[in-house]
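The analysis underlying the following values was restricted to heavy atoms, covering all of them including side chains, and did not include hydrogens, waters or symmetry mates.
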Amino acid sequence: MDPRMQKQPPFLPNEPKRIALTFDDGPDLQYTPEILEILDAYGVQSSFFCIGSQVQKFPNVLRRMVRDGHVVANHSWDHPYLTKESKSSVRMQLEQTSDIIEETVGLRPRLFRPPYGDINETLSTQVHSLGYDIVLWDVDSVDWSGISGPSILSNVLPP
């Protein structure tokens with residue numbers, strides 16, 4: 001494995017179930033620092049799927065994520081529907097993002113989440129051929145829709 005690739009925690013089939021807390025679309029100066037403060041207060045680690053153009057704008061927030069022990073991952077350069085993009089555009093979206101993350105924190109992500117969860121077999125094959133593991137979600141909090149905290153909680157936790 002490339003020594004620049006960020007080490008990920010092992011998940012074994014005989015271990016108890018876990019919840020992976022993930023955040024997409026940052027970093028930014030409004031929400032990401034608040035999220036980092038809350039995670040720090042509770043001693044919780046998370047994964048941040050970062051947009052390359054946002055990393056370029058807010059490199060210090062990315063540095064803090066890594067300094068605080070969070071996983072940083074790739075979420076494309078500017079959040080397009082990648083299934084509608086050419087192979088060369090997909091490659092640029094992923095590689096340019098990983099390049100800026102590596103330049104900023106010295107780690108090259110190996111995890112990728114497609115914007116909108118938009119994936120098909122062609123994209124999946126290409127992403128894997130570029131050396132990334134794809135991470136989607138099992139439960140969507142729908143927090144992006146502007147709903148209240150209790151509504152988010154009811155979307156995430158079983159009744």
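Using a 4.0 Å cut-off between charged side-chain N and carboxylate O, Glu85 and Arg91 make no salt bridge.
Considering CG of Asp28 and CD of Gln30, their distance stands at 6.5 Å, rounded to 0.5 Å. With values rounded to the nearest 0.5 angstrom, Ile147 atom CD1 is found 10.0 Å from Leu153 atom CG. Expressed to the nearest 0.5 Å, how far CG of Asp40 lies from CZ of Arg64 amounts to 6.5 Å. Rounding to the nearest 0.5 Å places CD1 of Ile119 at 3.5 Å from CD1 of Ile134. Between the NZ atom of Lys57 and the CD1 atom of Ile51 there is a distance of 9.0 Å, given to the nearest 0.5 Å. Atom CG of Leu82 and atom OG1 of Thr122 lie 12.5 Å apart (nearest 0.5 Å).
In this structure, Val44 and His70 approach most closely via the heavy-atom pair O-CE1, 3.3 Å. What you find for Lys87 and Gln126 is that their closest heavy atoms are O-NE2, 2.8 Å. Considering every non-hydrogen atom in both Pro27 and Gln54, the closest pair reads O-NE2, 2.9 Å. Considering every non-hydrogen atom in both Ser76 and Pro80, the closest pair reads OG-CD, 3.6 Å.
Within the 4.5 Å cutoff, no side-chain heavy atoms of Asp25 are placed close to those of Cys50. Contact of the Tyr132 side chain with the Leu94 side chain is registered, since non-hydrogen atoms from C-beta on lie closer than 4.5 Å. Between Leu136 and Pro114 the shortest side-chain heavy-atom distance falls below 4.5 Å. Residues Met65 and Val71 have side chains not in contact (no heavy-atom distance under 4.5 Å, counting atoms from C-beta outward). Taking 4.5 Å as the limit, some side-chain heavy atom of Leu29 sits within range of a side-chain heavy atom of Val61. Side-chain contact between Val72 and Val55 is absent, with no heavy atoms from C-beta onward closer than 4.5 Å.
Legend: residues meeting side-chain contact (heavy atoms from CB on, under 4.5 Å) with Thr97, ordered by chain and number and at least two apart, are Asn74, Trp77, Ile101. Partners of Tyr31 under the ring pair (Phe, Tyr, Trp, His ring centres under 6.0 Å) rule, at least two apart in sequence or in another chain, do not exist in this structure. Residues that satisfy the ring pair (Phe, Tyr, Trp, His ring centres under 6.0 Å) test with Phe23, not counting sequence neighbours, are Phe48.
Proximity of a side-chain donor or acceptor of His75 to a complementary backbone N or O of Arg113 within less than 3.5 Å is detected. In terms of modelled atom types and a separation under 3.5 Å, the side chain of Ser141 and the main chain of Val156 share no donor-acceptor contact. A donor-acceptor contact shorter than 3.5 Å is absent between the side chain of Ser98 and the backbone of Glu95.
Side-chain contact check for Ser89 and Ser86: no donor-acceptor pair (N or O, by modelled atom type) lies under 3.5 Å. Looking at Asp78 and Ser53, their side chains never bring a donor and an acceptor atom within 3.5 Å of each other.
The number of heavy atoms from other shown groups lying within 6.0 Å of OH (Tyr116) is above 12.
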